[in-house]
Protein chains: 2
Amino acid sequence: MARTTPPRRRDTGRPRGQHVTDAVLEATLAELATAGLEGTRIERIAERAQVHKTTVYRRWPTREALIAAALEGLAVDTMANAPDTGSLRGDLIGLLRPVATFLGRAEGRAVARAALAAPAEPHVAELAARSLEGPAATAIEALVARARARGEWRGGAPVDLVLPTLVGALLHRTLLEHADTGAAWLEDVVDLVVSGVAPREHA
Amino acid sequence: MARTTPPRRRDTGRPRGQHVTDAVLEATLAELATAGLEGTRIERIAERAQVHKTTVYRRWPTREALIAAALEGLAVDTMANAPDTGSLRGDLIGLLRPVATFLGRAEGRAVARAALAAPAEPHVAELAARSLEGPAATAIEALVARARARGEWRGGAPVDLVLPTLVGALLHRTLLEHADTGAAWLEDVVDLVVSGVAPREHA
DNA sequence: GGCTCTTTGCAACGAACAGTTGCAATCACG
DNA sequence: CGTGATTGCAACTGTTCGTTGCAAAGAGCC
């Protein structure tokens, strides 16, 4: 069989301005943060980015694709590398502090909402799974291994409940209660979980 | 001051069919469950309910109002009355089991998503706060009081973290991980929190 | 500079959907 | 049976998504 349509090498002509891409993605996040997922209009994004509507459509096929692309640039480096602080409590706080900060910003909350609204936005759903759950899971594993070595972890305590519990609490607090997650609050939640997984110090 | 516009008593004429209201609200939930918050079209709702579009608009002023009304009929009796089972563990499971079941259905998840997408939908946000947080908070209070009396509750353990933690874990599990919350899973989460708030049994 | 092929701006357009309005038919209730 | 409402229907406005054709401009290469 012959190659079907060798994708037409096109190295000539005017290249696309990186400047445009950046401006549009940034404008998308801003729009998303103020207008919400449903309220985001790409015509307003174009206006904000000082760019014409058609230019936006020529780079991202649909509204959803644009939003997904914009979120991609944000969510990645949030839970990437958690520090080794020498205690389970410190490690968990170190892991969750960036998440709390992220959710403290309107753009961050918009991202979280978009991720939770997933079924309507498959791209976003996949993205959320990849960039949030992935790194977080590996971080948790390492962190628990260290805690085990220090004797801070009860044998039967389930590792895979730590993340849902803590991140879930953060989501509940920020998105449902609309309250902020200060340092004290975060420490309280972490303490709850830490003592939940600690070995019983029986007589 | 005189009464401004005594709202025009109108007891004559053909009354509105309760049947129509029911059908439309039910269709709205079904549509919401399959198409998501953004994808819900009131023309499709009307079609599903065997009713004309204008009839829908004559009863609910906007799409958002209709959705809020439909959710209202659902979310109320979920966390209403938690049983007194004689143990903190049992009480918490009794409280959360209905929530887990609720989130197990597509309509329930749609409701949760709508509540989390709140800022775009003020009615829905207010509704969620009222019908979810309200009853749950009172239930938790009573439940903790009983646990305290039984000595299952450590003095310093923060009461107001129990709900965010547990409900948050449920949300994380169902809406982000897209996994189901079986009985075993729920018990594990509750156990984590129960041992988190339990008094230290030191030597 | 000049050429080429592209991106960008612009205006106009079609389709889908929210929400409205006027009219005719229907129907519950007194 | 008559009254005054609800309901169905068709047509309409306005907004937004997404597309298309055309003209202008610009980046890289000779």
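What you see is a predicted model; the values in this text were computed from it and never measured. Letters go in sequence order (proteins before strands), and every chain restarts at 1.
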Show your working on side-chain hydrogen bond (donor to acceptor under 3.5 Å, both in side chains) between B/Thr21 and B/Arg16 and close with a plain yes or no. CA-CA 8 Å; B/Thr21 306; B/Arg16 286 189 164 169; over 6 Å; no
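Ion pairing between a basic and an acidic side chain is recognised when a charged N comes within 4.0 Å of a carboxylate O; B/Glu38 and A/Arg63 show such pairing. Salt bridge annotation for B/Glu47-B/Arg41: absent, with no cationic side-chain nitrogen under 4.0 angstrom from a carboxylate oxygen.
Atom CD of A/Glu26 sits in a sparse spot, with 12 or fewer heavy atoms from other residues, nucleotides or ligands closer than 6.0 Å.
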Expected list for residues 87-100 of chain A: side-chain donor-acceptor pairs under 3.5 angstrom, two or more places apart:
from, atom 1, to, atom 2, distance (Å)
A/Ser87, OG, A/Gly90, N, 2.9
A/Arg89, NH1, A/Asp191, OD1, 2.7
A/Arg89, NH1, A/Asp191, OD2, 2.8
A/Arg89, NH2, A/Glu187, OE1, 3.3
A/Asp91, OD1, A/Thr85, N, 2.7
A/Asp91, OD1, A/Thr85, OG1, 2.7
A/Asp91, OD2, A/Arg146, NE, 3.2
A/Asp91, OD2, A/Arg146, NH2, 2.9
A/Arg97, NH2, A/Thr181, O, 3.1

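A residue-by-residue look at A/Pro15 and B/Val20 shows that B/Val20 has its nearest nucleotide of DNA chain D further toward the 5' end.
Between the CG atom of A/Leu66 and the C1' atom of D/dG18 there is a distance of 13 Å, given to the nearest Å. Between the CD atom of B/Glu38 and the P atom of D/dT16 there is a distance of 14 Å, given to the nearest Å. Across the protein-nucleic acid pair, A/Arg14 atom CZ and D/dA24 atom C1' stand 10 Å apart, rounded to whole Å.
Residues of residues 44-60 of chain B having a heavy atom closer than 4.0 Å to DNA chain C, listed by number: B/Lys53, B/Thr54, B/Tyr57, B/Arg58.
When each of D/dG18, C/dC29, C/dT8 is scored by its nearest atom to the side-chain atoms of A/Arg63, the top-ranked nucleotide is D/dG18.
At least one side-chain nitrogen or oxygen of A/Arg16 sits closer than 4.0 Å to the OP1 or OP2 atom of C/dT7. Applying the 4.0 Å criterion to OP1 and OP2 of D/dT16, one finds that A/Arg41 has a side-chain N or O inside that range.
Judged by distance alone, the side chain of B/Thr55 and the main-chain N or O of B/Val51 form no donor-acceptor pair under 3.5 Å.
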